[in-house]
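Order of listing sets the numbers, starting from 1, for every ligand and every atom in it. Just so it is clear, the model here is predicted, and its values are computed rather than measured.
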Amino acid sequence: MTDFSRSIIVTGGAGFIGSHLVRRLVKNYPGYRIINVDKLTYAGNLENLKDIESAPNYLFERLDICDHEKIAELMRRYSVTGIIHLAAESHVDRSIKDPFTFARTNVMGTLSLLQAARTVWEASPQGYAGKLFYHISTDEVYGSLGFDDTLFTEKTPYSPHSPYSASKASSDHFVRAFHDTYGMPVIVTNCSNNYGPYQFPEKLIPLFINNIRHNRPLPVYGEGLNVRDWLFVEDHAQAIDLIFHRGTPGETYNIGGFNEKRNIDLIRALIKVTDRLLGREEGASEKLITYVTDRKGHDLRYAIDARKLNRELGWKPSLEFEEGLERTVKWYLENQEWMDRITSGEYERYYDDMYANR
Ligand code: NAD
Ligand code: DAU
């Protein structure tokens, strides 16, 4: 059996950002055992990790993060010294319809994971030495900015508005409470909107690419004037890798793209690229834009100040937005089977069959 220098759990590794992070860690750290813990909700998709699933340093465990006992057992079995926690319910619109699920997974799930880590690490001979609980959070916990306000810094007070951001804010507080109360080494990072391959097509960019392809309406909430700060997902994964290895326990780091866009401007740019790659006249699909009722409590603007991360660890995004958008649209158009399976219902049946009788 191969000896690994350390074992790390990544929760939510079958999701959008998690799959990019797992792929990166599996490839870049052959000496680590990377354990992907995922419940495989509607948003988890093992197809996202097909290219690395048989790597000798990769393990998948289908587990609910709320199952404290099983997580603790897994941590003991592999002497886990690091947890990078991404598992969550992540879609704001779903949280408006079903806030309980968000409280269960994002708040209770995070607390269960913290408790499991505490139980196992406090009982180990080295205690918390060499251990790290790294929690992945969002810029949405800071609330909403006006057009003329300055950016969110790590010191901006929390002011969540949606059930999603309230649940993430609560989980962040629990993580910091475990640091302050029990001395657990923790890091929290708050990132802006990610985009790129493997994102579930309920989120703006993949939803719109798929709708353009099928000539379906593009539902723009309100007037399309809300502003988001967009970061290519591989740049987020690179930042997480850097912070996991070189960040200071107890600290918070903001991660962002320095790339604010009004929704309507982003949508027009997306239409142009998608039309061109589909061989249509650029802008032809603008006729699909359909203004619809606004999201309830829709935050006007998010914008991250990521200068601390740049100053302390030298990180900055590697891709220009235009290049990232081009790569993203190309990927979805070249991977239409991935998209079609998810949107056809075949995807749910695949998991039902795969995990029946387990
Ligand atoms: P996602 O919805 O694509 O994936 C979430 C993953 O978590 C899925 O694989 C799902 O199966 C798994 N999961 C859900 N509940 C679980 C449970 N109870 N037990 C185990 N696994 C469970 O999410 P994402 O967009 O990749 O986001 C990942 C993390 O990053 C989240 O914590 C989110 O809040 C945060 N974040 C996301 C963005 C973004 O733009 N997507 C930006 C900043 C922060
Ligand atoms: O800021 C980080 C957050 O970014 C993450 O924490 C969340 O997990 C992630 O989902 C994302 O949240 P948003 O709500 O900003 O992303 P979404 O893709 O749902 O929407 C982006 C913007 O586009 C938002 O202002 C709402 C708008 N929108 C969205 C959809 C799905 C539309 O106008 N029409 C749509 O159909």
Counting from 1, what ligand 2 atoms have a heavy atom of [X] closer than 4.0 Å?
{"X": "L207", "answer": "36 (O)"}
{"X": "H298", "answer": "24 (C), 25 (O), 26 (C)"}
{"X": "F208", "answer": "36 (O)"}
{"X": "Y164", "answer": "5 (C), 6 (O), 7 (C), 8 (O)"}
{"X": "N263", "answer": "22 (C), 23 (O), 24 (C), 25 (O), 27 (C)"}
{"X": "D139", "answer": "1 (O), 2 (C)"}
{"X": "Y302", "answer": "1 (O)"}
{"X": "H91", "answer": "19 (O)"}

Starting from [atom], find the nearest protein heavy-atom neighbour and note its residue, name and distance.
{"atom": "atom 7 (C) of ligand 2", "result": "S90 O, 3.5 Å"}
{"atom": "atom 21 (C) of ligand 2", "result": "L204 CB, 4.0 Å"}
{"atom": "atom 33 (O) of ligand 2", "result": "Y221 N, 2.9 Å"}
{"atom": "atom 34 (N) of ligand 2", "result": "P219 O, 2.7 Å"}

Just by distance, do the side chain of W230 and the backbone of F258 share a donor-acceptor pair under 3.5 Å?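 Such a contact is absent between W230 side chain and F258 backbone.
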Per-ligand residue contacts, ligand 1, heavy-atom threshold under 4.0 Å |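 Protein residues near ligand 1 are G12, A14, G15, F16, I17, D38, K39, L40, T41, A43, G44, L63, D64, I65, L86, A87, A88, S90, T105, I136, S137, T138, Y164, K168, C191, S192, N193, N194.
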* **Y302 versus D299, side-chain donor and acceptor atoms under 3.5 Å** =>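 Present: a donor and an acceptor within the cut-off.
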Just heavy atoms, cut-off under 4.0 Å: does N193 contact ligand 2 by side chain, backbone, both, or neither?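 Both parts.
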Q) Taking the inter-plane angle between the rings of F16 and H20 on a 0 to 90° scale, is it parallel (under 30°), tilted (30 to 60°) or perpendicular (over 60°)? A)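 Perpendicular.
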Evaluate the ring planes of F232 and Y195, with Trp represented by its six-membered ring, and classify them as parallel (under 30°), tilted (30 to 60°) or perpendicular (over 60°).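 Plane angle over 60°, so perpendicular.
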Answer yes when [X] and [Y] have at least one side-chain N-carboxylate O distance shorter than 4.0 Å, and no when they do not.
{"X": "E47", "Y": "R341", "answer": "yes"}
{"X": "E73", "Y": "K70", "answer": "no"}
{"X": "R62", "Y": "D38", "answer": "no"}

Heavy-atom proximity to [atom], best of [options]:
{"atom": "atom 15 (O) of ligand 2", "options": "R262, E223, R228", "answer": "R228"}
{"atom": "atom 19 (O) of ligand 2", "options": "Q199, R295, K203", "answer": "R295"}
{"atom": "atom 31 (C) of ligand 2", "options": "R94, E202, R301", "answer": "E202"}
{"atom": "atom 13 (P) of ligand 2", "options": "K168, E89, K261, E140", "answer": "E140"}

As an exercise, state the distance from [atom1] of [X] to [atom2] of [Y], rounded to the nearest 0.5 Å.
{"X": "Y182", "Y": "R118", "atom1": "OH", "atom2": "CZ", "value": "4.0 Å"}
{"X": "L242", "Y": "Q238", "atom1": "CG", "atom2": "CD", "value": "6.0 Å"}
{"X": "D98", "Y": "Y164", "atom1": "CG", "atom2": "OH", "value": "15.0 Å"}
{"X": "I35", "Y": "N57", "atom1": "CD1", "atom2": "CG", "value": "11.0 Å"}

* Asked: Can you tell if the side chain of I271 reaches within under 4.5 Å of the side chain of L218, non-hydrogen atoms only?
  ->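 Yes - at least one pair of side-chain heavy atoms lies under 4.5 Å apart.
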Provide the closest heavy-atom pair for G222 versus Y291 in the form atom of the first, atom of the second, distance.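 Looking at all heavy atoms of both residues, the shortest contact is O-CD2, 3.2 Å.
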I need the minimum non-hydrogen distance between I71 and A116, along with the two atoms involved.
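Heavy atoms of I71 and A116 come nearest at CG2-CB, 3.8 Å.
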Q.
Quick check with a 6.0 Å cut-off and a 45 degree axis cone: is K308 positioned over the face of Y253's six-membered ring?
A.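 That pair qualifies as a cation-pi contact.
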**Asked** Just distances here: any N/O of T138 and N/O of ligand 2 closer than 3.5 Å?
**Response**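 Yes - when backbone and side-chain N and O of T138 are compared with those of ligand 2, one distance drops under 3.5 Å.
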Using a 3.5 Å cut-off on N or O atoms only, is V220 in polar contact with ligand 2?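 By distance alone, the answer is no.
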